[in-house]
Amino acid sequence: MRKIAAILLMLVCWPLLAGQTVVNNLRIWAAPDHTRLVFDTSHPVNHKLFTLKKPDRLVIDIKGARLTGPMPAVSDNPLIKQLRSAQREDGSLRVVLDLDTQIHPKSFVLRPNSQYGHRLVVDLYGEAARKPGEAVQKPVKQLDSNGMRDVIVAIDAGHGGEDPGAIGRRGTYEKQVVLAIARKLAGLIEKERGMKAVMIRDGDYYLGLRKRMDLARSHRADLFVSIHADSFRDPKARGSSVYTLSKRGASSEAARWLAESENSADLIGGVKLEDKDDVLASVLLDLSQTGTGQASHEVAGNVLGRLRRVGRTHKPTVQQAGFAVLRSPDVPSILVETAFISNPEEERKLLDPRHQQKVAGAIMDGLRGYFHGSPPPGTLLAQLKSRQHTITRGDTLGAIADRYNISLASLKSANGIADDVIQVGQVLVIPGT
């Protein structure tokens, strides 16, 4: 009799269990301005969020769902103290976040892709987070003792967090190797006089493509460098590539900027567009994008030339594509595909810190060559490039070197002088110290 009752109970409950959503996993990613929770679910979910105070908590109810496995431990998260969950009588799963502070939550669901199934994403923004539409405070660029600013290079390590990017045959994540190369490049830039690095992503968290572009603009970057690792179905594909924004991508971005009030009120080349008619605004934006595109192409060519010294390049010339991350109208931008992570040999190299350093060094050489040849006005590099001395009666090379606080050898080397002979009226280039 008991067996019959148990069987009947299973038959009654089976339709409910079969239609129940399973939460397979919960992943947490802490970014500088928010924390993201990603629930991996077996089906699309219906959910609701609400906050409670004294103490601060966030409650997430997922209708008709059950959790398999324990809640992940939380450590060193700026917003979350701990997580707990419970199955409710109505069949829903309740997840409670005990918080360190009040938060502004946002949530959305994602459809399956090549790497993940259905997902529920919850983003937590602390009280100190910028409100939507609030202007980004632009930091003052670093100045030297002469009032000249550094050249700012924004370095963007692609992907991050729940987005691993391409995955190599050995299980290597693109997001990890490009972050390692980005950090090495930042270290080289910080050692270079007159240059400063800004890391767009400096940890394992996800940033939207336009968020990356906005961060570069908020730091008033002179150049945006996005670092990636390529992938292709043919494991023999190999080599590095450098991309700039295509004309088609630039045109669509111009239309977007002109259509959105928050962007049309922004500064393009120091000119506000909000008080201009449509034709004039379009012309001004086109001029800005033309200058940005030319600079992007020149620096991309420099970087590609240096990458050839490290290994094979996939294409002999700079490529163009409509990458959203390259679309800032007023910041020259390039995207570097460092290698094919889908190629086993190149995957092995990408994991090698020595090869990572070589790639970072090649990119640095390209940036140095570009900025020393075309330094932005008002920068220390521009001042160093423009330093010249015209020989007058009584000048000697030793006295000139002492005057500019440089070595006699560097002065001779910069001017191709083999002996001590100089002439009145001769113009010498004064190298940087």
Side-chain angles (χ1 to χ4, degrees), residues 23-42 69 72-77 107-124 155-186 199-213 215 224-235 237-241 243 314 321 323-326 335-353 355-356 359-360:
V23 178
N24 301 305
N25 189 31
L26 171 58
R27 291 169 282 130
I28 303 175
W29 312 96
D33 63 340
H34 73 284
T35 291
R36 169 164 288 188
L37 287 80
V38 182
F39 296 83
D40 293 307
T41 64
S42 60
V74 180
S75 60
D76 299 326
N77 189 281
S107 66
F108 53 93
V109 294
L110 292 174
R111 294 178 180 178
N113 59 21
S114 60
Q115 292 157 344
Y116 297 108
H118 294 281
R119 285 151 291 159
L120 166 63
V121 180
V122 180
D123 286 333
L124 312 179
I155 306 171
D156 171 47
H159 307 281
E162 73 274 18
D163 174 15
I167 302 175
R169 297 199 168 198
R170 296 173 58 182
T172 305
Y173 285 177
E174 178 184 359
K175 66 175 183 178
Q176 295 171 341
V177 293
V178 299
L179 179 59
I181 293 171
R183 285 173 170 165
K184 287 176 170 59
L185 175 58
M199 289 289 290
I200 298 298
R201 177 174 76 86
D202 197 14
D204 191 10
Y205 50 85
Y206 177 76
L207 290 173
L209 298 178
R210 294 198 177 277
K211 176 68 173 179
R212 296 168 192 257
M213 184 176 72
L215 283 171
F224 179 87
V225 181
S226 191
I227 300 177
H228 291 256
D230 219 335
S231 179
F232 192 61
R233 60 180 178 273
D234 183 356
R238 62 188 302 171
S240 55
S241 306
Y243 286 84
H314 187 60
F323 293 115
V325 78
L326 299 179
L335 186 146
V336 180
E337 296 280 10
T338 54
F340 276 82
I341 200 170
S342 52
N343 180 305
E345 181 184 351
E346 294 202 334
E347 179 186 10
R348 178 182 57 77
K349 287 183 177 180
L350 285 171
L351 286 168
D352 185 351
H355 182 74
Q356 293 171 358
V359 172

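Nothing here was measured: the structure is a model prediction, and the numbers come from that model. We use all heavy atoms of the structure for the numbers below, so side chains are in, but hydrogens, waters and symmetry mates are not.
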- Residues Asn77, Thr35; criterion side chain to side chain contact (heavy atoms under 4.5 Å, CB included); working and verdict: CA-CA 8 Å; Asn77 189 281; Thr35 291; 3.3 Å; yes
Considering non-hydrogen atoms only, spot the tightest contact between [X] and [Y] and give its length.
X: Tyr116; Y: Pro164; answer: OH-CD, 3.8 Å
X: Glu337; Y: Ala229; answer: OE1-C, 3.2 Å
X: Ala157; Y: Val178; answer: CB-O, 4.0 Å
X: Ala180; Y: Gln356; answer: CB-OE1, 3.4 Å
X: Asp156; Y: Ser226; answer: OD2-OG, 2.7 Å
X: Ser42; Y: Asn24; answer: N-ND2, 4.1 Å

- Pairwise side-chain contact, Ile227 with Leu185, heavy-atom cut-off 4.5 Å (strictly under):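 Heavy-atom side-chain distance check passes, below 4.5 Å.
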- Message: Measuring only between side-chain heavy atoms, which start at C-beta, is Glu174 closer than 4.5 Å to Ser231?
- Response: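 Of all side-chain heavy-atom pairs linking Ser231 with Glu174, none is under 4.5 Å.
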When you measure from the side chain of [X] to the backbone N and O of [Y], does any donor-acceptor pair fall under 3.5 Å?
X: Asp204; Y: Gly160; value: no
X: Glu346; Y: Arg238; value: no
X: Glu347; Y: Arg170; value: yes
X: Arg119; Y: Val109; value: no
X: Ser342; Y: Phe232; value: yes
X: Arg27; Y: Val38; value: no
X: Asn343; Y: Pro235; value: yes
X: Arg212; Y: Leu207; value: yes

- Item | Option from Phe108, Phe39, Tyr206 for which side chain to side chain contact (heavy atoms under 4.5 Å, CB included) with Val121 holds |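 Of Phe108, Phe39, Tyr206, side chain to side chain contact (heavy atoms under 4.5 Å, CB included) with Val121 is met by Phe108 alone.
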- Message: Val177 and side chain to side chain contact (heavy atoms under 4.5 Å, CB included): which single residue from Val359, Thr338, Leu351 fits?
- Response: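 Result: among Val359, Thr338, Leu351, Leu351 is the only option passing the side chain to side chain contact (heavy atoms under 4.5 Å, CB included) with Val177.
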- Message: Salt bridge or not between Glu162 and Arg36? Use side-chain N to carboxylate O under 4.0 Å.
- Response: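 Yes, charged N to carboxylate O under 4.0 Å.
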- Carboxylate-amine/guanidinium contact Asp163 Lys175, below 4.0 Å: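 Between Lys175 and Asp163 there is no salt bridge, as every charged N stays at least 4.0 Å from the carboxylate O atoms.
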- Message: Run Phe224 and Met213 through side chain to side chain contact (heavy atoms under 4.5 Å, CB included) and show every step you take.
- Response: CA-CA 8 Å; Phe224 179 87; Met213 184 176 72; 5.7 Å; no
- Message: Does Leu179 form a side chain to side chain contact (heavy atoms under 4.5 Å, CB included) with Met199? I'd like the steps, not just the answer.
- Response: CA-CA 10 Å; Leu179 179 59; Met199 289 289 290; 4.0 Å; yes
- Decide yes or no on side chain to side chain contact (heavy atoms under 4.5 Å, CB included) for Tyr173 and Ile167, but give the supporting numbers first. CA-CA 5 Å; Tyr173 285 177; Ile167 302 175; 3.7 Å; yes
- Spatial distance of atom CD (Gln176) from atom NE2 (His159) [nearest 0.5 Å]: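 Those atoms lie 12.5 Å apart.
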